Asker: 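Attaching a single structure in structure tokens format; questions to follow.
Numbers here simply count residues along the sequence, with the first being 1. All of these numbers come straight from a predicted model, not from anything done at the bench.
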Amino acid sequence: MAGNSFGDLFRISTFGESHGKAIGVILDGCPPNIAIDEEFIQSELDKRKPGQSKITTQRKESDTAQILSGVFEGKSTGTPIAILIPNEDQRSKDYSHIKDIFRPSHADYTYHMKYGHRDYRGGGRSSARETAARVAAGAIAKSFLKQHGIEIFAHVSGVGKIESPNVDTKDLTVLLDLRESNIARCADPATAKEMIEFIDTVRKSGDTVGGRISTIIRNVPVGLGEPVFDKLHADLAKAMMSINAVHGFEYGSGFAGSELLGSQHNDLFISDEHDINQTKTHTNFSGGIQGGISNGMDITFKTAFKPVATIMRDQQTIDSNGNEATVQGKGRHDPCVVSRAVIIVEAMAALVIADHLLKQSSYKNVR
């Protein structure tokens, strides 16, 4: 099974299944002497872990990270960092009814046809539980980026047809406090209340709903991105699309930009006679990336998540022999994934920027 590694220089490989003994990640390429704060890693995992509120799955996992290698006296050594996250609350019996049945819009059928043998317990390797390993590695990437003044912030900007107004992005610390003040993880409190009530109504009806996460990356230096095939926005798109349930990605003006004229969309430069490295633009329709390379402006993008495929209602399907069958919704599942996915989006963004920052060191010494 290929496809379990991500990144070139700052590279991760994840392993484990939803109902196996553990999940984990090996991070290779992390520079030495990076402060590794285990409490910070755990705090990041706590934002993703299940059982947080009434609008998330009630599976109970502490998601306690165990660093096995690559860290000594609180700093990275430059050798591979291995992190293990034991599974504690497996209920494999919740999935015995789908052993030979394919759930609609899940990976059951495709995994069965591709590999001929699948772990049906919670989706096995296809489960979003795998993303906890990415969050752990992403926390280390964030620590690396922090040394370069780079900040990443994401929040839930939409659920169903509910859309948050644009939030003031001047102070990301303030936005973070606002986001963490509610279980929807929306930085606009009024919209958050509406989202929570809607998600809870959907949950009680046995259904699910999708949503959107908006992200901003600040203080990225000019020059990150490797055209033509490893453009920065292309790698960000791949990172986001690799997250479970993601069905859409747009950066900068996104799809709305296709409705504008060039005279409306072009980002005009602001002259800085003292330092060309401090050049800014009047607008940021480019989303901080031009020609696949960061231009020094804030990098902005939005990620769209589909409704969770498991609903608490009977659905028509087929079994592994092609016979018609009925699948019953059982187990513990999120009615909407976006509140827990915020930290996953940030982690994957951090991994991309960290990888490109190291690539840029072949041109300039960023370390």
Asker: My understanding is that only one of Asn284, Thr281, Thr283 makes a side chain to side chain donor-acceptor pair (under 3.5 Å) with Asp267; could you say which?
Answerer: Thr283
Asker: Same cluster or not: Leu9 versus Ile150, using hydrophobic residues (I, L, V, M, F, W, Y) connected whenever any side-chain heavy atoms lie under 4.5 Å apart?
Answerer: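 Same cluster.
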Asker: Apply side-chain contact (heavy atoms from CB on, under 4.5 Å) to the pair Thr56 and Ser339, showing each step before the final yes or no.
Answerer: CA-CA 8 Å; Thr56 65; Ser339 63; 3.9 Å; yes
Asker: May I ask you to decide whether Lys280 forms a salt bridge with Asp272, counting only side-chain N to carboxylate O separations under 4.0 Å?
Answerer: no
Asker: Do the side chains of Arg125 and Asp119 get close enough for a salt bridge, i.e. N-O under 4.0 angstrom?
Answerer: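 A salt bridge is absent here (no side-chain N lies under 4.0 Å from a carboxylate O).
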Asker: Ignoring hydrogens, what is the shortest heavy-atom contact between Gly20 and Asn87? Give both atom names and the distance.
Answerer: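 Distance-wise, the nearest heavy atoms are O-ND2, 2.8 Å.
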Asker: Looking only at side chains, do Gln316 and Thr326 share a donor and an acceptor under 3.5 Å apart?
Answerer: yes
Asker: Taking Arg129 as the fixed residue, which of Glu17, Glu88, Glu61 is the one that meets the salt bridge (charged side-chain N to carboxylate O under 4.0 Å, His left out) rule?
Answerer: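 So the option named by the test is Glu61.
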Asker: Who pairs with Tyr115 by ring pair (Phe, Tyr, Trp, His ring centres under 6.0 Å), at least two apart in sequence or on another chain?
Answerer: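 If we apply the ring pair (Phe, Tyr, Trp, His ring centres under 6.0 Å) test to Tyr115, skipping adjacent residues, the hits are Tyr111.
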Asker: With the 4.5 Å side-chain cut-off for hydrophobic clustering, are Ile293 and Leu357 part of the same group?
Answerer: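 Hydrophobic grouping puts Ile293 apart from Leu357.
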Asker: Taking Lys47 first and then Glu180, would you say they form a salt bridge - that is, a charged N and a carboxylate O separated by under 4.0 Å?
Answerer: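 Answer for the salt bridge query: no.
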Asker: Less than 4.0 Å between a side-chain N and a carboxylate O, is that true for Glu197 and Lys193?
Answerer: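 Between Glu197 and Lys193 there is a salt bridge, with a charged N closer than 4.0 Å to a carboxylate O.
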Asker: Strictly distance-based, threshold 3.5 Å: is any side-chain N or O of Asn266 a donor or acceptor partner for the main-chain N or O of Leu268?
Answerer: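 Answer holds: no.
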Asker: Does the distance from a Lys or Arg side-chain N to an Asp or Glu carboxylate O, for Glu163 and Lys302, drop under 4.0 Å?
Answerer: yes
Asker: Relative to each other, are the rings of Phe153 and His155 parallel, tilted or perpendicular (30° and 60° limits)?
Answerer: parallel
Asker: May I ask you to decide if the ring planes of His233 and Tyr251 are parallel, tilted or perpendicular, using 30° and 60° as cut-offs?
Answerer: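 Aromatic pair His233/Tyr251 classed parallel.
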Asker: Does the pair Phe144 and Leu351 meet the rule for a side-chain contact (heavy atoms from CB on, under 4.5 Å), with working shown?
Answerer: CA-CA 10 Å; Phe144 171 52; Leu351 290 168; over 6 Å; no
Asker: Salt bridge check, Asp235 against Lys238: does any charged N sit closer than 4.0 Å to a carboxylate O?
Answerer: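 Salt bridge absent between Lys238 and Asp235.
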Asker: Identify the residue among Val202, Thr201, Asp207, Asp200 that makes a side chain to side chain contact (heavy atoms under 4.5 Å, CB included) with Lys204.
Answerer: Asp200
Asker: Without hydrogens or angle criteria, can the side chains of Ser320 and His112 be said to hold a donor-acceptor pair below 3.5 Å?
Answerer: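 Short answer, no.
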Asker: Ignoring hydrogens and geometry beyond distance, is a side-chain donor-acceptor pair present between Asp188 and Ser164 at under 3.5 Å?
Answerer: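 No, no side-chain donor-acceptor contact under 3.5 Å.
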Asker: Under a plain distance cut-off of 3.5 Å, with no hydrogens placed, do Arg118 and Ser126 share a side-chain donor-acceptor pair?
Answerer: no
